[in-house]
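In what follows, a structure is listed as structure tokens, so that the remarks can point back to it.
Residue numbers start from 1 in every chain, and the chains themselves are labelled A, B, ... in the order their sequence lines are given, proteins ahead of strands.
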Amino acid sequence: METRIKDAVRNALLALGAPELPFAVERPGDHAHGDYAVNAALVAAKVLGKNPKEVADALATELTKALGDSVTRVSVAGPGFINITLARSVITDALEEAHTEEWGKGVVNAEKRVMVEFTDPNPFKEMHIGHLMSNVIGESVARLIEYSGATVARANYFGDVGPHVAKAIWGLKHAGVTDPDSAAEIGKAYAHGSRSYEESEKAKEEIDALNIALYKGEDRELMEFWRKGRAVSLDAFEEVYKTLGTKFDYYFPESEVADDGVRLVQEGVEKGVFEESQGAIIFNGEKRGLHTLVFITSKGTPTYEAKELGLAFAKEARWPSDVSLILTAAEQVGHFHVALAALKEFAHALAEKTAHIPHGFLRLTTGKMSSREGTIVTATSLINDMVAKAQERAQDVLVAEQVGIAAIKYMVLRQAPGGDIIFNPEQSLSLEGDSGPYLQYALVRATSVLASAEKEGSREDAPAEPYLIERLISRFPEVAARAERERSPHHVAQYLTTLAGEWNSFYAQNRIIGGEYEPYKLFVARAFQNTMKKGLWLLGIPTPEKM
RNA sequence: GCCGCCAUAGUUCAAUGGAUAGAACAAGGGACUCCUAAGCCCUAGAUGUAGGUUCGAUUCCUACUGGUGGCACCA
């Protein structure tokens, strides 16, 4: 419909002698303004040297002719907006579509293969709420892209080598652990090792030596210990993914891309991309207005940046893609600029299709989180707390888990992904108002009504004036498309909250079963139910049957 | 010091350069003998400061103030 209106406006402008103008067809915030608003008259007025109102009147006449039966009203309002109200039948048609499995699905990316990397927790450290945030946003972005028709692969990159591992292993050995069997124990050992690294010269030397030994991989006993610890951490991560509803297609351990990273950097030195400085190999970013960063340390170990290069190639080898997205916290923005600039020097196409999507931090009102100081909030503890809170009102454990997860995910997805979330455990994880459970509750009510109805829904015998909820439902495909385009799930979250609010109003003001227009209201309820289900799926929020 | 991001109601967040700046929480008030009250209805309350561009600026530009992140061997 939007396309039809755009075409009609374009033709009308042509008729008025003002072609090729950048106008907008938008959804007005106020429903009194109709279903669509066009600002073309305001834009064209200047070019034509006429009063915007006159231009609007002329355009409105043209549009009325062009759109015919599909609109009931085309009017001029305000400074020269043209408001368009759709015909009853067009709205009903949209609702019928809203009953289908394909509702809201797009085709814009039908031929594309997109890899999305997210979560990225490091074994030997605990998964904290920062990783949780990455997972929640990443999963939703992946689903949005899938919904736009693309084939998506979810990737998880994790640091199973590097100084933090040496610190954790050193800590475990110092605590006399021979057989690590809990992620929490390893996390504590990491905190101890990390503190010692800064406080004790001796510990620092031992940890550095361990780090190099781990890269070499020649000490069999050490490697066996490393493998055990790694497995314990990774198993714990899988538990969390399962709870959250993410299934990764590909895993990229740093240990498997590190060697390639080193090789690539060494080749790059010959090509003049990298240079030696103070025993290390660096990328001189200053020439390009970026930072200069170390890619290979003076001890010969690759840094994060070098591994990033190896990773890019590894991904391409495992699953060739058209677009490769990487979600991480915003603190890494500078590093990605440098890493991608370096990659561009010798793998132009690969660098071009790779994009870094930064997200903000979960910021505690109680002070900064530090794994070194043991003040981190783990993903597991947050989930457990929230589920326990939901349990107070829930009918069973399964529902409590679904509600708890919804509360957490919604808290993350309700706002634009780039910004920090000010996390106050008391207030942020609300079960009421602007919250995940609010959406679930609206859905459950619709499900409940549909289950207890004895009649079938029908599109026949509709009231002449569509209910507000109908107009909202019809917008869903546009919302999903915009959220995908901007890679911002919050558009879906905002929309669903408005939709749920309108449904709740409708529910409070109308008797559905046994009321006037019962079959049509059931038809509306079914469309709402399906839209809410699809929308919640896009956010990765579970859909309970009852609450 | 240099570079980036941010600043909207008491609080936490929205608003492709457009119409009366939307929600939620907190505050105050209300309805309900009816399909789930994690709900509904009503009231009050906001664009950091100073300029600029524009028919029109929360949105774009400049400066300032405040916050936050990054800046060579962590990831």
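- Minimum atom distance to the side chain of Arg414(A) is reached by U12(B), of the listed A72(B), A14(B), U12(B).
- Of the side-chain N and O atoms in Ser435(A), none sit less than 4.0 angstrom from OP1 or OP2 of A24(B).
- Residue contacts shown for Leu42(A) include a base, since a base heavy atom lies under 4.0 Å away.
- Within 4.0 Å of Ala416(A), counting heavy atoms only, lie sugar-phosphate atoms of the nucleic acid but no base atom.
- Distance check on atom C1': G56(B) versus A21(B) gives 15 Å, rounded to whole Å.
- A donor-acceptor contact under 3.5 Å links the side chain of His335(A) to the base of A75(B).
- Comparing the C1' positions of U53(B) and A38(B) gives a spacing of 49 Å, expressed to the nearest Å.
- For A14(B), neither phosphate oxygen OP1 nor OP2 lies less than 4.0 angstrom from any side-chain nitrogen or oxygen of His491(A).
- Phosphate contact (OP1/OP2 of C40(B), side-chain N/O of Asn504(A), threshold under 4.0 Å): present.
- For A23(B), neither phosphate oxygen OP1 nor OP2 lies less than 4.0 angstrom from any side-chain nitrogen or oxygen of Thr497(A).
- If you check every strand for non-hydrogen atoms under 4.0 Å, Asp160(A) touches nothing.
- An OP1 or OP2 oxygen of A75(B) is reached within less than 4.0 angstrom by no side-chain nitrogen or oxygen of Tyr304(A).
- Residue side chain Ser277(A) reaches the base of A72(B) through a donor-acceptor N/O pair under 3.5 Å, judged by distance alone.
- For Tyr441(A), taking side-chain heavy atoms from C-beta onward, the closest of the listed nucleotides A14(B), U36(B), A75(B) is U36(B).
- Within the 4.0 Å cut-off from OP1 or OP2 of C3(B), not a single side-chain nitrogen or oxygen of His337(A) is found.
- Distances shorter than 4.0 Å separate some side-chain N or O of Arg445(A) from OP1 or OP2 on A37(B).
- Using the six-membered ring where Trp is involved, Phe336(A) and Tyr304(A) have ring planes that are perpendicular, over 60° apart on the 30 and 60° scheme.
- Side chain of Arg363(A), nearest nucleotide from G69(B), A19(B), C73(B): G69(B).
- By the 5.5 angstrom centroid cut-off and the 30-degree plane limit, His164(A) is classified as not stacked against the base of A75(B).
- Mapping Glu254(A) and Ala508(A) onto RNA chain B by nearest heavy atom places Ala508(A) at the nucleotide closer to the 5' end.
- The base-pairing partner of G1(B), taking Watson-Crick or G-U wobble contacts with both distances under 3.5 Å, is C71(B).
- Annotation: A15(B) and G22(B) have their C1' atoms spaced 7 Å apart (nearest Å).
- With both ends at atom P, the span from G29(B) to A44(B) equals 15 Å, rounded to whole Å.
- Stacking of Tyr438(A) onto the six-membered ring of A38(B) is not present when judged by under 5.5 angstrom between centres and under 30° between planes.
- Between G48(B) and U65(B), the distance separating the two C1' atoms is 8 Å to the nearest Å.
- In this structure, A44(B) forms no base pair with any nucleotide, since neither Watson-Crick nor G-U wobble geometry is met with both distances under 3.5 Å.
- Using Watson-Crick or G-U wobble geometry with both donor-acceptor distances under 3.5 Å, G66(B) finds its partner in C6(B).
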- Message: I'd like to know whether Glu545(A) forms a side-chain contact (heavy atoms from CB on, under 4.5 Å) with Val444(A), so could you lay out the CA-CA distance, the side-chain angles of the two residues, the decisive distance to 0.1 Å, and finally the verdict.
- Response: CA-CA 6 Å; Glu545(A) 290 291 314; Val444(A) 163; over 6 Å; no
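- For C41(B), neither phosphate oxygen OP1 nor OP2 lies less than 4.0 angstrom from any side-chain nitrogen or oxygen of Tyr507(A).
- OP1 or OP2 of A75(B) lies within a sub-4.0 Å distance of a side-chain N or O belonging to Lys307(A).
- Residue whose closest nucleotide on RNA chain B sits further toward the 5' end, between Pro79(A) and Ser452(A): Pro79(A).
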- Which is it for Tyr520(A) and Phe523(A) under the ring-ring contact (aromatic ring centres under 6.0 Å, His included) test, yes or no, and what are the steps along the way? CA-CA 5 Å; Tyr520(A) 192 79; Phe523(A) 174 76; 5.3 Å; yes
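- Judged by a 6.0 Å distance limit and a 45° cone about the ring axis, Lys167(A) is positioned over the six-membered ring of Tyr197(A).
- Using N1 to N3 plus N6-O4 or O6-N4 for Watson-Crick, or N1-O2 and O6-N3 for G-U wobble, each under 3.5 Å, U20(B) pairs with nothing.
- Distance noted for atom C1' between G45(B) and G10(B): 9 Å (whole Å).
- The side-chain tip of Arg475(A) does not point at the ring of Tyr495(A) from less than 6.0 angstrom away and within 45° of straight on.
- Within the shown strands, nothing qualifies as a pairing partner of U36(B) under the Watson-Crick or G-U definition with both distances less than 3.5 Å.
- To the nearest whole angstrom, the two C1' atoms, one in A24(B) and one in U62(B), are 36 Å apart.
- For the residue pair Ser255(A)/Asp160(A), the side-chain donor-acceptor check at 3.5 Å is satisfied.
- Under the 30°/60° scheme for interplanar angles, the aromatic rings of Trp503(A) and Phe528(A) are found to lie parallel.
- With G69(B), C41(B), C35(B) as the candidates, the nucleotide lying closest to the side chain of Ser505(A) is C41(B).
- Separating the P atom of A57(B) from that of G52(B) is a span of 12 Å, rounded to the nearest Å.
- In terms of heavy atoms, Ala40(A) sits closest to Val9(A) at CB-CG1, 3.7 Å.
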